[in-house]
Amino acid sequence: MALLIKRRPKRTKSPISLEEKEPKTEIELGTNVEEILKMLEERLDYTSDIGQRWLKFNHERALLVYFVPLMDSIKLNDHVIKPLLIEKEGEIKEVIQAASITPTKDLDEMISLMSRGASLLLIENDPLVYAIDSTKTATREVNQALNEKIIRGSQESFVESLDKNLNLMRQRFLDGSLIVRYIEVGSISRTRVAVLYLKNIANVEICNTIINRIKQIEVDGVDSGSIIEEALEDSPLSPFPQLLNTERPDRVMGNLLEGRMAVLTNGNSSALIAPVNFFSFYQSPEDYNTRALYGSFFRLLRVFSFFVAMSLPAIYIATISFHYELIPLDLVFTVKGSLENVPFPPIVEAFIMVLILELLKEASLRLPSSIAQTIGVVGGLVIGTAIVEASLVSNMMIIVIALTAVSSFVVPSNEMSTTLRILSFPMMIGAAVFGYLGIVFVLVLIVMHLVILESITMPYLIPLAPFRFSGLKDVFIRMHQIYLNEKPANAKPQKRKRQKAIRNWDWYFRITL
C-alpha cells in the first residue's frame, strides 16, 4: 500500500513574491580604502588566495582586490590595469575596457561578485566600489551527449557552466521569447539557478510555482541536482520521477515550445524539465528527427519494454510456481530439466540474478571506461556460466533476467529505467505469493498511484487520466506533423495552437480518397 501514499512537501513559509529582495549591507559613504579592505578581509577570514594591486586614479589611491585562482591575468592586465595607468583620470566606465562594470555598496554583493571572478576596484573618497568582469573560464567545451545518444539531429550537450548552457539555448530562440529568471540557492555556495520559459506560451501560474519552490530551499550549498529536483517534486516518496532530466539542448527546446519550463543549475550538466507526464520519459529526440512511421515504431517498442522490464520475471515466477499447465507441452520437459537440480524456488533465483546484474552494472559505472565494458561482458559470461553449472540458477531464469535487463535499458530516461527495476521486486513478491492474481493486484496499485500522482500540480497520467482524445496523437505513436497542430495540455500553455499546415495536403487527400 506504500505506493498509494501521496505526500506533498511541507510548505511552512508563505509563498515568496517574485519582487522580494534580500536586505543589503551597505558601506557608509566616505569610507576609505583601508577600511573597506579590512571589512572584506574580516568577512573572508583573511583567506590566502586574495590578490591586491595598488594604483593611482583621479589623483586618489586605488586598489584592485580579487581572488587569484579565478582571475584571468591577461584580461586583468590588458583591460583594467593598463587603461588605469595610461589614462590616470576620467570616468571608470569609459576608461576600463570590460564586458561589465557593476557599481555597488553592498558588502555581500561584492563578495558574491568576487567569487564569480570579478575584480573589485576601490578608489579613495569614492562612495562606490566597482566590480569588473575579469573572470577566467575553467569549464570543458561543448561536446557530444554521452547518456542520450541519437543517430540523427543535434549532437550538442550541456556542460557544467550555466552561461555556456544559456548560450546554447539563446541560439535556438532568436525572437527574444526566451525568458530567464535567476535564483541563488545555498547560503554558502550561492549557486545560480536559472528558470527558463517562453513568453506568451508558458503558463505563468506554473512558472511562479516553480520559482517559489526553488526560493524556499534552505541549504548550505547545492552540491548536486537532486536538491533542486526533490524541492520541486509533489510526491518525493514516489518511485516514479516527476521531472525529466536531460543533457540535450534540443530536447529542452522542444519542451519549451510545448509550454513547459526548464531549470538549469550552475555546475550541473543537465536540465530539469517540468511539468511532465509518464509518457514524456518514453519520448526521444530521435522520434522527431526521423519519419513518423519510424518514430512511432520505436516508441511502441519502448512502451512494450516497460511491461516486459517490470513484469517478465514475475510472470515467469507465477507460471512456474502456480500455473505450470499454461506452458506449451513441447517446452515442459525443457523447463523441467533446467529446474531439476536447482535447490531454490524461482523467487530466490530471480532475486539472486537481479542483484548480480545490479552489482555488475554499478561496477561497470565505477571502473575506468577502458576496462568497464570488458568487465561487464566477461563478468556476465563467467558468472552466468558458473552459476548455472553450480545449479544455483536455471538456464530459463538467466534468459528471463537478460531480457528484462535489455528491456529496461531501452528506456531513454535513466531515472525511469531504475524505477522499472525497483518495481520488479514487488511484482516478483506478489507473483511468488499469489501467482497471476498477485501480479494483477500489484499492477492495480501501481496504476492507482499513477492516476493520483502529479508533476507540479499537473496530472501525471494525462492524456489517459483525465482522458483527452486529442492528446493521444503524440503518446503511444508519433503522428505526422500535419496532425500535431496543438500543444500538449499537461503544461497548460497559453496558446494551444502549435503550427499551421507545413504544406498543402489537398492533393494527397484527393489521390488517396
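These numbers were taken from a predicted model, which means no experiment stands behind them. One is the number of the first residue; the rest follow in order along the sequence.
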*Above 12 or not: heavy atoms from other molecules or residues under 6.0 Å from CG of Leu331?*
yes

*Examine distances only and state if a side-chain atom of Arg299 and a backbone atom of Phe476 form a donor-acceptor pair shorter than 3.5 Å.*
no

*Is there a donor-acceptor contact under 3.5 Å from the side chain of Thr246 to the main chain of Ala271?*
no

*asked:* Less than 4.0 angstrom from a charged side-chain N to a carboxylate O is my criterion; do Arg302 and Glu286 meet it?
replied: no

*Has Phe434 got more than 12 heavy atoms of other residues, nucleotides or ligands less than 6.0 Å from its CZ?*
no

*Report, as yes or no, whether the 6.0 Å neighbourhood of atom OH on Tyr182 holds more than 12 heavy atoms from other residues, nucleotides or ligands.*
yes

*Give the intermediate values and the outcome of side-chain contact (heavy atoms from CB on, under 4.5 Å) for residues Arg251 and Leu244.*
CA-CA 10 Å; Arg251 197 172 190 183; Leu244 180 61; 3.9 Å; yes

_Any side-chain to backbone donor/acceptor pair from Ser455 onto Val276? Under 3.5 Å, distance only._
yes

*Of all heavy-atom pairs between Asn268 and Asn165, which one has the smallest distance, and what is that distance?*
O-ND2, 3.9 Å

_Sidechain N-carboxylate O distance under 4.0 Å for Arg478, Asp287_ = no

*asked:* Under a 3.5 Å distance rule, please check whether Asn203 uses its side chain to pair with a backbone N or O of Lys492 as donor and acceptor.
replied: yes

*Nearest 0.5 Å please: distance from the CZ atom of Arg248 over to the CD atom of Gln155.*
6.0 Å

*Side chain of Arg172, backbone of Leu168: donor and acceptor closer than 3.5 Å?*
yes

_Can you tell whether the side chains of Arg116 and Glu184 come within less than 4.0 Å, N to carboxylate O?_
yes

*Taking atom CG of Leu312 and atom CG of Leu403, what is their separation to the nearest 0.5 Å?*
6.0 Å

*For this output row, return yes or no: ring centroids of Phe306 and Phe278 closer than 6.0 angstrom.*
yes

*Output yes when a side-chain donor or acceptor of Asn277 lies under 3.5 Å from a complementary backbone atom of Ile462, and no otherwise.*
yes

*Are the side chain of Asp234 and the backbone of Ile456 linked by a donor-acceptor contact shorter than 3.5 Å?*
yes

*Answer yes or no: is there a donor N or O on one side and an acceptor on the other, between the side chain of Ser177 and the main chain of Leu198, under 3.5 Å?*
no

*Check whether any side-chain N or O of Arg213 sits under 3.5 Å from a backbone N or O of Leu232 as a donor-acceptor pair, and report yes or no.*
yes

*Spell out, as yes or no, whether a donor-acceptor pair under 3.5 Å connects the side chain of Ser408 to the backbone of Ala309.*
no

